[in-house]
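We name chains A, B, ... by the order of the sequence lines, and we start the count at 1 in each one.
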Amino acid sequence: MNDENTSEKNDEPASDFIRAIIERDRAAGKHGGTVATRFPPEPNGYLHIGHAKSICLNFGLARQYGGRCHLRFDDTNPSKESVEYADAIIRDVQWLGWDWGEHLYYASDYFDRMYECATELIRRGKAYVCELNTEAFKEYRGVPTRPGRESPGRQRSEVDNLDLFQRMRAGEFEEGRYVLRARIDMASPNLHMRDPVIYRIKKAAHHRTGTRWTLYPMYDFAHCLSDSFEGITHSVCTLEFEVHRPLYDWILDALELHRPQQIEFARLNLTYTVMSKRKLLELVESGVADGWDDPRLPTLCGLRRRGYTPASIRDFCRRIGVTKFDGYTDVALLEHCVREELNRTAPRAMAVLDPLKVVIENWPEDRVEELEAVNNPEDAAAGTRTVPFARELYIERGDFMENPPKKFFRLAPGREVRLRYGYFIRCREAIKDPETGRIVELRCTYDPETRGGHAPDGRKVRGTIHWVSASHAHRARVRLYDRLFTAERPDDIAEGEDWKHSLNPDSRTETEVLMEPSLARALPGDRFQFERLGYFFADPVESKPGAPVFNRIVSLKGKAPS
RNA sequence: UGCCCGAUGGUGUAAUGGUAGCACAACAGACUCUGGAUCUGUUUGUCUUGGUUCGAAUCCAAGUCGGGCAACCA
């Protein structure tokens with residue numbers, strides 16, 4: 001694992017119904033007690049946090065039971081897939097911290113064997129070539145409440161089927177002219193069993209096999225065979241494949257091949273975002289999102305760009321559990337996971353987002369003091385640094401109120417607060433712009449006895465606020481991210497309503513911060529807690545050494561100061 | 001409407017015939033040189049109706065509600 005992954009608590013998840021099945025199987029000696037799982041993405045899009053759930057489940061199962069987990073690309077539809085997507089998927093799974101060892105596979109590597117399996121099915125009278133066009137096909141299939149009718153091709157002889165199938169492969173026919181179908185049951189209440197298509201003609205170049213094939217297997221045929229060829233023991237997939245399971249079993253039984261057990265679980269839904277490939281693609285292509293790695297997106301590359309750590313995502317996936325209930329997980333849990341990790345690990349620094357100038361009237365004009373500040377109160381080993389203190393400072397505008405309510409513990413006329421790691425200051429006067437009435441400057445005095453933030457007379461102040469020295473402050477661009485949608489469940493919309501209506505217009509705000517000098521040395525990829533503001537990530541793409549650009553990963557809990 | 005699957009506090013998830021617990025969220029208090037963190041406490045739950053049983057979240061039946069399935073996508 002790379003250094004992104006060092007801070008994990010290696011706890012296995014609590015047991016769930018899938019682990020219960022596996023433990024039962026192991027106890028019964030099924031599959032010789034071994035466990036082999038797989039994560040089988042189609043390389044036609046980017047991975048998101050929902051995939052992370054599946055990845056952590058499959059790889060986690062293999063780790064927990066001493067088995068193996070394969071990364072297999074389900075690349076059976078060349079018109080939608082590309083190596084670019086495959087490369088991005090590999091990068092994301094690795095970043096998440098998982099290792100498939102030698103077990104990287106492609107369904108397309110099995111095309112020859114699959115073709116053999118199809119001809120074997122024909123020989124066994126369990127598959128036939130069908131000449132129905134799409135409309136006729138649908139018509140013959142029937143509807144859930146009424147059985148379908150048999151295709152004329154269903155009675156074709158083995159010899160003719162073999163001949164036609166071979167000619168389909170040879171490229172003799174146009175797309176759509178023929179398909180190969182499994183011969184099962186046109187009256188089945190499960191539509192997937194009404195002689196499903198298992199091969200279709202598609203004259204598209206494949207990103208791995210080029211133009212060698214003009215026909216490609218359908219998911220239902222390719223997937224169970226790939227699992228079987230690889231010796232998968234437990235084929236874990238999402239709920240929508242539940243109705244495909246009889247077909248999965250039928251094909252492998254018809255061919256008398258090793259049959260893994262398909263187990264379905266509920267995919268992840270997260271509040272305030274969308275997860276479907278289609279919607280994500282639309283956000284990217286319409287320009288609402290700034291590419292697949294837009295930090296507001298739930299894509300793994302988006303979360304990475306935002307500053308989320310792999311360990312926090314793994315921790316999240318461990319906590320959400322695995323069931324067959326299709327619910328919505330509160331994004332607050334994800335945020336909790338990253339806060340918990342970063343609270344332990346992120347160095348603190350001071351930065352001001354919305355500056356208000358403070359002049360310390362009794363501080364000598366040119367005096368500068370270097371004050372010691374703790375880098376991480378949760379980690380003594382993180383050490384200390386110094387921050388410069390001078391006559392003119394900036395504090396957060398929200399940390400001052402002219403007419404404060406009862407529970408406001410920060411600066412106000414006549415009130416005293418502590419400047420973090422600095423001195424106590426008392427506000428004497430708020431200077432306003434005579435035209436606008438806006439407060440432009442605070443005139444304060446400091447207590448020289450309170451250096452470092454301690455009062456020798458033991459007097460207490462309720463508020464401690466962050467600050468930067470005006471003349472020493474560095475500027476940096478910062479992006480503040482908020483939830484992409486205002487609706488908790490953007491997918492739950494009334495009919496006729498556009499799911500994009502609940503997009504949050506304020507999901508990204510660009511501004512500037514004034515930072516303490518140490519932050520100017522931030523390197524791309526560094527994470528900090530800006531005290532009292534939140535956790536920030538030096539954007540790895542836009543930051544330059546000495547000129548960081550920060551993304552807010554997540555705010556701190558609580559309301560102050562903004 | 002045909003088939004399949006599901007339903008436990010606001011959210012997610014345990015309890016596998018024997019005290020309904022945990023996490024997140026919310027709220028309150030303690031502590032605090034981050035209104036952070038930490039600690040303590042509180043609120044809120046077994047979809048409904050029957051049945052089996054000494055005893056049901058759990059087993060059975062019916063119903064209600066939710067999800068999925070009718071691409072030559074995966």
hbond_proxy A/Arg410 side chain to B/G35 base (donor-acceptor, 3.5 Å cutoff): yes
Base B/G36 to side chain A/Glu378, donor-acceptor N/O within 3.5 Å cut-off: yes
Under 4.0 Å from OP1 or OP2 of [N]: is there any side-chain N or O of [X] that close?
X	N	answer
A/His336	B/C24	yes
A/Lys324	B/G67	no
A/Thr323	B/U13	yes

Residue A/Phe325, side-chain atoms from C-beta onward, closest of B/U8, B/G35, B/A74: B/U8
Answer with base, sugar-phosphate or nothing: what part of the nucleic acid does [X] contact at a heavy-atom distance below 4.0 Å?
X	result
A/Leu268	nothing
A/Gln529	base
A/Gly176	base
A/Tyr328	sugar-phosphate
A/Arg141	sugar-phosphate
A/Arg348	base
A/Leu239	nothing
A/Phe408	base
A/Asp220	nothing
A/Lys277	nothing
A/Glu42	sugar-phosphate
A/Val179	base
A/Tyr178	nothing
A/Asn343	base

Tell me the partner of [N], counting only Watson-Crick (N1-N3 plus N6-O4 or O6-N4) or G-U wobble (N1-O2 and O6-N3) with both under 3.5 Å; none if nothing fits.
N	result
B/G17	none
B/C59	B/G51
B/C31	none
B/G6	B/C65
B/A23	B/U11

Considering only the [atom1] atoms, how many Å lie between [N] and [M], rounded to the nearest integer?
N	M	atom1	result
B/G21	B/U8	C1'	11 Å
B/G18	B/U13	P	22 Å
B/G50	B/U58	P	14 Å
B/A61	B/U52	P	15 Å
B/U11	B/G67	P	15 Å
B/U46	B/A15	C1'	11 Å
B/C69	B/A62	P	25 Å
B/A56	B/C24	P	33 Å

Selection: residues 70-86 of chain A, any non-hydrogen atom under 4.0 Å of RNA chain B: A/Asp74, A/Thr76, A/Asn77, A/Lys80
Charged N-O contact under 4.0 Å between A/Glu369 and A/Arg451: yes
Pair A/Glu416 + A/Arg459: basic N to acidic O under 4.0 Å: yes
Which residue lies more 5' along RNA chain B, comparing A/Pro144 with A/Phe137 via nearest heavy atoms: A/Pro144
Of A/Pro217 and A/Glu531, the one whose closest RNA chain B nucleotide lies more 5': A/Glu531
Closest non-hydrogen atom pair, A/Thr76 against A/Pro217: CB-O, 3.5 Å
Nearest heavy atoms of A/Arg415 and A/Pro405, plus distance in Å: NH2-O, 4.3 Å
Gap between atom CE of A/Met350 and atom CZ of A/Arg385 - 0.5 Å precision: 6.5 Å
Side chain A/Tyr219, main chain A/Asp74, donor-acceptor under 3.5 Å: no
Ring centres of [X] and [Y] under 6.0 Å apart?
X	Y	value
A/Tyr446	A/Phe424	no
A/Tyr178	A/Phe165	no
A/Phe528	A/Phe536	no

No-hydrogen, no-angle side-chain donor-acceptor test under 3.5 Å, A/Thr273 and A/Arg483: no
Length of the CZ-C1' vector between A/Arg420 and B/G36, whole Å: 9 Å
Euclidean distance, atom CG of residue A/Asp326 to atom P of B/C4 [Å, nearest integer]: 19 Å
